[in-house]
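What follows is a single structure, written as structure tokens, with notes after it.
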Amino acid sequence: MIWTNADKPEEAAQARSYGAQGIGLCRTEHMFREGPRLEIVRSAILVANVATRAKAKTAAGQALTAEEKAAVKQFDAAMAKLEVLQQGDFEGILAAMSGLPVVIRLIDPPLHEFLPNLEDQLVKVTKAGEAATTKDKELLATIKSMHEQNPMLGLRGCRLGLMIPDFVKIQTRAILNAAVAVKKAKKDPRPEIMIPLVGHVNELIATQTLLEAEAAAVVKAAGVKIDYKFGTMIEIPRACWVADEIAKYAQFFSFGTNDLTQMTFGYSRDDAEGGFLLKYVEDKILPYNPFQSLDPVIVQEMKMAVELGRKTRPDLKVGICGEHGGDPMSIGFCHDIGLNYVSCSPFRVPVARLAAAQAALLGAAERDK
């Protein structure tokens, strides 16, 4: 089956008109990066760590300082605004894809991506000198505190959700409340919540336990039955090796082949594609760009994960949502290892459908020999 990657209701509707049979990747963080939403996110990030620690103190029965109380108030206000905005987005997407599955990935990138560049902010504050605003100084301090040498291997994905749970809790509530609203509008929402960057089963257990409680509370309060699932993105090589353990809890797998390729090759996609990788392909060191078409070793990792996962959960649904999902050669590989669907950008859906049909016909021809 051919699904699509879509982050907005209009993208979902467009992909469905092209024949997409579901959404394989809805990137929730893309909903944060425009206009006033970005300022709301930044407001939350500025106090996220202080507010999270303060909430832990409250849960332990400890008193809060005035600064901690203010941080919690600011953080909760920003989270409440984001929850409402995201619910509106999800309502539009789920309605547009009524009767079809919609895989929604919880926040994945590191928080620094929502903040100004460290060097730019440092220059701004330095140039302003004594005239620098308190807001700009606080923003610089926050950016510095979150700076990582290798952020794509740092605090992101499920790790971020475990450190600052409110980010993923509000997203889960927004998804389920959106599904309730769409269901009450006489449509058929089918959300599937994807927990990203799981490398150890305990990360999935901890996150899923937290979020299942949120989902159950929403459904109970609404008094409406909702068809929803929890699954994970397989994008860390270690996850392929322990897919049987992960499948005990995940109801579906989706391969994030961009990160899986990065981590298996040890290449930074952002740096390599604009640098040495072009030369590697030109000089035949590599037969082709592994970020455009799946490398055979990546395919073997995926095959192992599929087989291990289905040993634990025979009906495990498995797909792919990286850029490879729209590549004809990669689609052939995905068919060979038994994936249920590939997901690609809306404009690549027609090409992907043709490639999938060709792969199915070739497979049938091989079986008939």
Side-chain angles (χ1 to χ4, degrees), residues 1-9 11-13 15-17 19-28 31 83-84 86-107 158 161 168-196 198 204-205 207-234 246-255 306 309-310 312-321 339-343:
M1 292 190 291
I2 306 302
W3 296 10
T4 191
N5 301 338
D7 310 319
K8 299 177 181 178
E11 292 175 351
R16 187 161 191 166
S17 72
Q21 297 163 287
I23 290 179
L25 179 62
C26 175
R27 293 157 288 202
T28 55
M31 302 169 181
E83 184 172 346
V84 171
Q86 288 226 295
Q87 181 176 331
D89 293 329
F90 295 139
E91 284 182 25
I93 291 170
L94 291 169
M97 302 301 286
S98 178
L100 297 175
V102 177
V103 178
I104 301 170
R105 183 181 70 187
L106 300 176
I107 187 170
C158 65
V168 289
K169 287 167 70 174
I170 68 113
Q171 289 191 310
T172 300
R173 291 197 301 267
I175 293 167
L176 270 296
N177 277 314
V180 168
V182 172
K183 186 74 175 282
K184 288 183 176 179
K186 308 300 182 184
K187 294 191 176 182
D188 182 17
R190 300 185 184 183
E192 301 188 3
I193 301 172
M194 182 160 66
I195 299 167
V198 166
L204 181 61
I205 293 170
T207 304
Q208 197 163 319
T209 300
L210 179 76
L211 300 185
E212 281 179 338
E214 296 292 324
V218 169
V219 172
K220 182 178 180 181
V224 176
K225 184 178 179 181
I226 299 295
D227 178 15
Y228 68 91
K229 295 181 174 67
F230 278 101
T232 191
M233 182 176 274
I234 302 292
I246 291 174
K248 292 177 184 177
Y249 305 92
Q251 294 172 280
F252 66 89
F253 285 175
S254 180
F255 287 106
V306 172
R310 286 181 177 156
T312 297
R313 191 184 292 267
D315 62 346
L316 182 71
K317 184 170 64 177
V318 186
I320 175 178
C321 60
L339 267 58
N340 300 100
Y341 68 88
V342 298
S343 187

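Basis for what follows: all heavy atoms, side chains included, without hydrogens, waters or symmetry-related copies. What you see is a predicted model; the values in this text were computed from it and never measured.
Between Cys158 atom SG and Leu210 atom CG the span is 12.0 Å, to the nearest 0.5 Å. We find the CD1-CE distance between Ile104 and Met194 to be 10.0 Å, quoted to the nearest 0.5 Å. Considering CD of Glu214 and CD1 of Ile170, their distance stands at 10.5 Å, rounded to 0.5 Å. With rounding to the nearest 0.5 Å, the separation of CG in Leu176 from NZ in Lys220 is 15.0 Å. Atom-to-atom distance recorded for Glu83:CD and Lys169:NZ is 10.5 Å, nearest 0.5 angstrom. Going from atom CG of Asp89 over to atom CG of Leu94 covers 10.5 Å, rounded to the nearest 0.5 Å.
Screening Thr312, Ile205, Thr207 against Tyr249 for a side chain to side chain contact (heavy atoms under 4.5 Å, CB included) leaves a single residue, Ile205. For the side chain to side chain donor-acceptor pair (under 3.5 Å) with Glu192, the lone residue among Lys317, Gln251, Arg105 that qualifies is Lys317.
Side chains of Val318 and Arg310 form a contact here, defined as non-hydrogen atoms less than 4.5 Å apart. No side-chain heavy atom of Phe252 sits under 4.5 Å from any side-chain heavy atom of Asn340. Side-chain contact between Ile175 and Leu106 is present, with heavy atoms from C-beta onward closer than 4.5 Å. Put simply, the side chain of Leu25 does not reach to within 4.5 Å of the side chain of Trp3, judged on heavy atoms. Using a 4.5 Å heavy-atom threshold, the side chains of Ile23 and Leu100 count as separate. When side chains are defined from C-beta on, Ile2 counts as touching Val342, because their heavy atoms get closer than 4.5 Å. Using a 4.5 Å heavy-atom cutoff, the side chains of Val306 and Phe255 are in contact. Within the 4.5 Å cutoff, the side chain of Leu204 has no heavy atoms near those of the Phe230 side chain.
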Show the numbers, then the answer: is there a side chain to side chain donor-acceptor pair (under 3.5 Å) between Glu91 and Gln87? CA-CA 6 Å; Glu91 284 182 25; Gln87 181 176 331; 3.0 Å; yes
Apply side chain to side chain contact (heavy atoms under 4.5 Å, CB included) to Ile246 and Phe253, showing your working. CA-CA 9 Å; Ile246 291 174; Phe253 285 175; 3.7 Å; yes
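Contact detail for Arg313 and Ala250: the closest heavy-atom pair is NE-O, 3.0 Å. Taking each heavy atom of Cys26 and Ile93 in turn, the nearest pair found is SG-CD1, 3.8 Å. For Gly24 against Ser254, the heavy-atom pair with the smallest separation is O-OG, 4.3 Å. Residue Gly309 comes nearest to Ala247 through the heavy atom pair O-CB, 3.5 Å, listed as atom of the first residue, atom of the second, then distance. When all heavy atoms of Ala6 and Ala12 are compared, the closest pair comes out as CB-N, 3.8 Å. Across all their heavy atoms, Asn5 and Ser343 have their closest contact at OD1-OG, 2.6 Å.
For Lys187, the NZ atom is loosely surrounded, since the number of other residues' heavy atoms within 6.0 Å does not exceed 12.
Of the possible donor and acceptor atoms, one in the side chain of Arg16 sits under 3.5 Å from a partner among the backbone N and O of Ser98. Using a distance-only test at 3.5 Å, with no hydrogens or angles considered, no donor-acceptor pair links the side chain of Lys183 to the main chain of Pro189.
The side-chain hydrogen bond (donor to acceptor under 3.5 Å, both in side chains) check on Arg27 picks up Asp7, with sequence neighbours excluded.
Using modelled atom types, one finds a donor on one side chain and an acceptor on the other under 3.5 Å when comparing Thr28 with Gln171.
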